[in-house]
Protein chains: 2
Amino acid sequence: MSYTYPQPRPAVAVDCVIFGYDHRQHMPELQILCIQRSIEPFRGQWALPGGFLRLHETLDQAAARELHEETGLESVYIEQLYTFSALDRDPRERVISVAYFALVNLERYTLHAGTDAAQAAWFSVAKLPALAFDHKMIVKVALERLRGKIRYQPIGFELLPDEFTLSELQTLYETILERSFDKRNFRKKIHDYGLLIETGGMRRGKPHRAARLYRFDTKRYKALEKRGFMFEL
Amino acid sequence: MSYTYPQPRPAVAVDCVIFGYDHRQHMPELQILCIQRSIEPFRGQWALPGGFLRLHETLDQAAARELHEETGLESVYIEQLYTFSALDRDPRERVISVAYFALVNLERYTLHAGTDAAQAAWFSVAKLPALAFDHKMIVKVALERLRGKIRYQPIGFELLPDEFTLSELQTLYETILERSFDKRNFRKKIHDYGLLIETGGMRRGKPHRAARLYRFDTKRYKALEKRGFMFEL
DNA sequence: TACATTAGTGTAAAATACACACTAACATAC
DNA sequence: GTATGTTAGTGTGTATTTTACACTAATGTA
């Protein structure tokens with residue numbers, strides 16, 4: 001079967017920058033999921049997970065589908081990033097790519113390699129391999145967006161499990177923003193927003209004092225947001 | 001001539017939200033350029049200027065071309081906004097639209113109607129007519145982005161002439177953000193950034209004290225920005 | 001039970017944001 | 001040329017926010 005149009009059309013791809021974070025690591029790093037391409041072009045090279053838009057789905061749906069196919073995860077945070085359209089970004093033909101970025105908490109998820117017959121692996125953003133196409137640029141834009149956004153919207157919680165400690169939260173921010181926060185000031189600020197609910201549970205098992213567990217109060221945040229409240233860290 | 005592909009492809013359109021602002025008006029309003037459609041679908045209705053991506057141009061180029069075709073202007077501020085992909089956003093067939101927004105100072109520009117045989121007109125954002133396709137949604141997203149962005153990046157200057165008075169700048173911010181600023185605090189803040197250069201000229205002609213003219217110091221801003229400086233109003 | 005390690009807490013100083021009112025200069029009308 | 005209406009331009013004190021900073025509490029392991 002083939003499809004014919006009176007004007008030439010670019011192919012429309014969707015590529016995902018899937019950020020992963022594991023609070024259980026001693027010095028956690030922000031990671032990105034890459035897959036090793038099994039077909040040309042760039043066969044054997046690492047690339048961002050992606051594929052072509054199907055006509056019966058929206059871009060959001062296509063991105064969610066790609067994410068599900070690569071990670072097995074559903075209902076994770078994902079948002080559109082930017083649409084890339086350099087003329088030579090794909091050597092085969094004209095392809096524009098609508099990039100998305102997703103935030104995945106790695107506790108919920110362990111790689112089941114070989115999902116799509118393609119090898120998948122997490123790489124620290126500091127040690128990314130060479131990437132196919134213009135994916136290096138896409139990652140750069142995604143990082144800028146994540147770093148810019150996390151300070152003004154409470155999306156960092158998406159990288160942690162439902163219940164987390166204040167230290168885990170602080171380390172997350174320090175990791176992503178590559179700066180340190182004063183412990184007391186950080187906790188005071190977070191506490192004053194009143195957006196965390198103490199679950200009563202404790203994080204135990206480490207040879208030091210146990211830490212209280214909290215949940216992010218999404219309902220309250222959404223209510224406050226409507227009234228013009230702004231989160232800022 | 002026709003073009004055939006093994007998989008179906010959406011058409012790729014580019015639509016522009018062209019924001020216009022005229023500091024000479026007594027109570028300036030943020031405006032948007034709309035064109036009256038001369039062809040189906042939505043013939044006769046107002047819509048955002050736009051067209052289809054051509055294969056030899058990038059999305060940025062296509063957006064700049066559309067802007068030029070509609071306004072006659074070149075080298076105005078324009079940036080990609082978002083890509084819209086609802087399945088039914090175009091009744092003819094599957095079309096995804098990459099939206100851009102542009103900032104135009106209306107002093108430089110007066111409408112030369114009938115450019116593309118299409119009627120063009122500026123509408124205040126408060127009194128927009130019904131718009132074709134999902135253009136109402138596109139405008140909504142563009143407004144949110146503009147309001148969010150103008151507070152953290154000095155893009156407001158793009159809506160003013162090269163030389164402007166501090167009152168004009170303040171009125172611009174008040175108009176877009178729909179809030180008022182204290183005159184002295186506003187001027188102090190702006191002044192302390194050291195990003196304005198006094199040109200020596202004065203804005204005369206009104207029956208009251210003349211006002212000093214300033215230029216935005218783009219070079220200095222770019223230099224500071226690299227060192228992590230953040231503009232915020 | 002000693003030790004190493006992280007959790008958890010308050011206060012004072014500095015910086016920033018905010019509220020507020022008058023004089024100066026211009027064009028116009030008389 | 002003088003009075004009038006209107007916007008330009010300026011400083012200070014107060015409240016709020018941000019920052020810097022150090023010790024005790026609790027846990028698991030050796």
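Below, read A as the first sequence line, B as the second, and so on, with proteins coming before strands; counting in each chain starts at 1.
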Length of the line joining [X]:[atom1] and [N]:[atom2], which is rounded to integer Å:
| X | N | atom1 | atom2 | answer |
| --- | --- | --- | --- | --- |
| A/E232 | D/dT17 | CD | C1' | 11 Å |
| A/E174 | C/dT6 | CD | P | 13 Å |
| B/F186 | D/dA8 | CZ | C1' | 14 Å |
| A/Y214 | C/dA7 | OH | C1' | 10 Å |
| B/D192 | D/dG11 | CG | C1' | 13 Å |
| B/K206 | D/dT6 | NZ | C1' | 11 Å |
| B/M202 | C/dA25 | CE | C1' | 8 Å |
| A/F164 | C/dT6 | CZ | C1' | 18 Å |

If you go through the side-chain atoms of [X], does one of them form a donor-acceptor pair with the base of [N] closer than 3.5 Å?
| X | N | result |
| --- | --- | --- |
| B/K188 | D/dT12 | yes |
| B/K189 | C/dA17 | no |
| A/R184 | D/dA22 | yes |

* Kindly say whether B/L48 contributes a backbone atom to a donor-acceptor pair with the side chain of B/H135 at under 3.5 angstrom? =>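 Yes, B/H135 side chain to B/L48 backbone: donor-acceptor pair under 3.5 Å.
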
* For A/Q170 and A/F181, indicate whether the former's side chain and the latter's backbone hold a donor-acceptor pair under 3.5 Å. => yes

* To do: Looking at every strand, decide which applies to B/H26 at a 4.0 Å heavy-atom threshold: base, sugar-phosphate, or nothing.
  => sugar-phosphate

* To do: Describe the nucleic acid contact of A/R212 in one word from base, sugar-phosphate, nothing, applying a heavy-atom distance below 4.0 Å.
  => sugar-phosphate

* Identify which nucleotide among C/dC20, C/dT9, D/dG9 has an atom closest to any side-chain atom of B/D182, counting heavy atoms from C-beta outward. => C/dC20

* Asked: Which class fits the ring pair B/F101 and B/Y77: parallel under 30°, tilted 30 to 60°, perpendicular over 60°?
  ->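 Because their plane-to-plane angle lies in the 30° to 60° range, the rings of B/F101 and B/Y77 count as tilted.
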
* Let me know, please, whether B/L213 or A/H208 comes out on the 5' side of the other along DNA chain D by nearest nucleotide. =>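 Of the two residues, B/L213 wins.
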
* **Pairwise 5' ranking along DNA chain D for A/G205 and B/P207, keeping only the more 5' one** => B/P207

* How many angstroms lie between atom CZ of B/F123 and atom CG of B/L33, to the nearest 0.5 angstrom? -> 9.0 Å

* Structure fact -> Judged by nearest nucleotide, the residue sitting upstream toward the 5' end of DNA chain C, A/K183 or B/N185, is A/K183

Between [N] and [X], is there an OP1 or OP2 to side-chain N/O distance shorter than 4.0 Å?
| X | N | answer |
| --- | --- | --- |
| B/S167 | D/dT7 | no |
| A/R204 | D/dT27 | yes |
| A/R203 | D/dG28 | no |

* **Residues A/D162, A/R108: salt bridge by 4.0 Å N-O rule** => yes

